[in-house]
Amino acid sequence: MKLTPEEVQKIADLARLELRPGEVEKYGEQLSNILSNIESLKKFQTDTIEPTAHAIEVPTPFRNDEVVLSDARELTLANAPEREGDLFKVAKVL
Amino acid sequence: MTYETIIGLEVHAQLLTASKIFCSCSTKFGASPNGNSCPVCLALPGVLPVLNKKVVEYAIRAGLATGCTIAKKSVFARKNYFYPDLPKGYQISQYELPICIGGKIDIAVNGEKKTIGLTRIHLEEDAGKLLHEHPTTRSKGASWVDLNRAGVPLIEIVSEPDLRSAEEAVAYLKTLRAILIYLEICDGNMEEGSLRCDANVSIRPVGEKKFGTRVEIKNMNSFRHIENAIHHEVRRQEEVLKEGGRVIQETRLWDSEKEITISMRSKEEANDYRYFPDPDLLPLLIDDSWINAVHQNLPELPEAKKARFMSQHQLSEIDAETLTSSKSLADYYEACVKIYGDAKKISNWILTELLRELNNSGEPIEQCKVKPDGLSGLLQLIDQGKISGKMAKAVFLDMVKTGESAKDLVAKQGLSQVSDASTLEPIIDKIIIANPNEAERYRQGNEKLIAFFVGQVMKETQGKGNPALVNEILKRKLKP
C-alpha cells in the first residue's frame, strides 16, 4: 500500500509534525512499508472471529469513588514551560 | 419555499461523583487552579487510568431511566485531537461500543406529546478549562490552563434528529435535565457547565426526505440561549438557501450578546479524530445482576411522581405536572403534605403564592426562606381561625422577606384575628346604631347591604374581625 504525498502531509498535520523538505518522501516510504506489512494479515480468514482490542478477555478493574488529594500541582507546574500563578500559561487560543 | 427544521441534541452531563472518572482527584467545582490534578489526569508518562465504579452505576441509571439497552460490553476509545485544555492529546470516550444504546424521552410542547428517540449514551472524560484572561492579574494576550476539570466524568446523551423546532429542543432539554436531577446523578447547573448542550441544526424543504447539511452550534449555557441560537441559525440557513448558496458543514459558536452564531471551524477538515480502542483500558463488562440492582434502586421519576400525585392526592394533571417539573419543588410539596395533610390546599398555595414569589425573585426554591414547616404553620393558623385567608397572604409575603414564622409575625404585628364574640358584639351594635337607614333597608329585604356592614366592622377592627363570625353576628342582630 503506497501513501500519496498528500496523505503523508495530512497525517503529519494531524500529529502536529512539521516535515522538512525530503521528509514527505522519506517517511512516506517508511509508513507505506509498515502498512504493507500490516496488510499481509489480510490473508488470514477472520470472518468468524470477534474483533477484540486485547489479547485476553479480562474485564476492566474498578476503583471506588474515593477522593485522594494530590500534591502534584507544584511538581507539574515546576515542569511547565511557562506558568503564571497556579495556571499553565500557553499561547493565546482563539 | 417553506422549510422544515431538523434538530438533534448532544447533551453533556457532569456526573455527581466525588472523584474523577479515571483517578482519585476531587471533582469539586471552584477549587484553586490545578489543585485537583494528579499524574493520571495530567497525562504524565507511565500512568494508568482506573475506572470509577460509581460512574458506571450512574450511566446505567441514566440508561434505564430513558429506556436504553445497557450494553453487556462496552469499550473505551481515544478521540485524538490537539487543544491546550486536553493534556493527553486525546480524550477517553466511547465510540463504536457505548454503554447505553437506544432509548427515548417523552416531551410535551403546548400540551402536545411527542417521543424523542435517543441514539446512545456514552461515557467520557471532560477536558480542562481555558481562560483567556488571567483571573488575578487580568492580563490578556495569552491563554491559561486549569486542569481541575480534566477527567471529570461525563455522560453524553445523543438524541436522534427527531426535534422539529427550538421549542421542542428546549422541552426535550428541560425534560432530560429533570430526569438527571431526579436520578441524583447530575446537578443540572447550566451556568457552571454541569449540563452542556450542543445542537445539530439543519433545514430541508417541507416534504423532502433527505436531510440538509447540518451545522453544530456550541456555547449555549441556558434554555434561553438554546432557543435563541436555534431560531437564529434556522433563519441564517434559510437565507443562505434563498440566496442560492449552500450550507457548509461546520461548528458555529453562539454569541449571546450579539445574538448571532459565528463560524468556529469547518468540520470537513477538523473532525478526523482517528478513534481507536484505548489500550490502557480493558472492556467494560456489565452483568444482569448489576443492571437489576441499579434498576431496583432507581428513584421515582417525574412521570411516575406525577401519576402518583394525581391518584394519591387527587391533583389535576396540570397541577401535578407543575409540581413535579423540578425535584426540589416536588420534594417541598411532599414535605408540606406530610406536615399539614391537606394536599389540595398545599398545592394551591405553592402553585399561586409561592411560585409567584419565586418567579419574582428568581430564587430557586432551595433558597426560599419559607420552609415546608413554615408554610404548613401558616395554613394551620388559617384553619384555627387565628387569621383570615386574606391576612395569610400578607403574612406570607413577610415570611418570604424575613424567614420568620407565621405565628411570630402575627403576634408581632398584632394581626391576630378577632374571633371573640364578646369583643365583636359591642362594635357591631355601635355600627348598627350609627347607620339606621341601611339597617332599615336591610330589614326590608335588601340583603346585599350585609356587605356594607361587614366592611364597616372590618374598618373598625382594622381588618382583624373573623369574617365568618362578623357575618353571623350581623345577621342575627339585623334580623327584622
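Every chain is numbered from 1, with letters handed out A, B, ... down the list of sequences. The figures that follow rest on heavy atoms only: side chains count, while hydrogens, waters and symmetry mates do not.
- A 4.5 Å side-chain heavy-atom check between Trp144(B) and Leu130(B) finds every atom pair outside the cut-off.
- Side chains of Gln14(B) and Ser194(B): no donor on one and acceptor on the other come within 3.5 Å.
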Less than 3.5 Å apart, which donor and acceptor atoms pair up between the side chains of residues 20-28 of chain A and the rest of the protein, not counting sequence neighbours?
residue  : atom : partner  : partner atom : Å
Glu23(A) : OE1  : Arg20(A) : N            : 2.5

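- No option in Arg78(B), Lys88(B), Lys79(B) other than Lys88(B) meets the salt bridge (Lys or Arg N to Asp or Glu O under 4.0 Å) test with Glu125(B).
- Counting heavy-atom pairs closer than 4.5 Å to chain B, the top residue among Leu75(A), Thr76(A), Asn79(A) is Thr76(A).
- A cation-pi arrangement is absent between Arg16(A) and Phe82(B), since the terminal nitrogen or guanidinium carbon is not both under 6.0 Å from the aromatic centre and inside a 45° cone about the axis.
- Side chains of Asp13(A) and Gln9(A): a donor on one and an acceptor on the other come within 3.5 Å.
- Proximity to chain A (any heavy atom under 4.5 Å) is restricted, for Thr137(B), to the side chain, taken from C-beta onward.
- With contacts defined as side-chain heavy-atom distances shorter than 4.5 Å, the pair Gln45(A)/Asp47(A) qualifies.
- For a residue to count as touching a neighbouring chain, one of its non-hydrogen atoms must lie under 4.5 Å from one of that chain's; by this rule Val75(B) does not touch chain A.
- Contact of Glu84(A) with chain B is made through backbone and side chain together, with heavy-atom distances under 4.5 Å.
- Contact annotation for Ser32(B): both backbone and side-chain heavy atoms come within less than 4.5 Å of a heavy atom of chain A.
- By the 4.5 Å heavy-atom criterion applied to side chains, Ile155(B) and Leu180(B) are counted as neighbours.
- Inspection of non-hydrogen atoms places Leu42(B), Leu44(B), Val50(B) of residues 41-50 of chain B under 4.5 Å from chain A.
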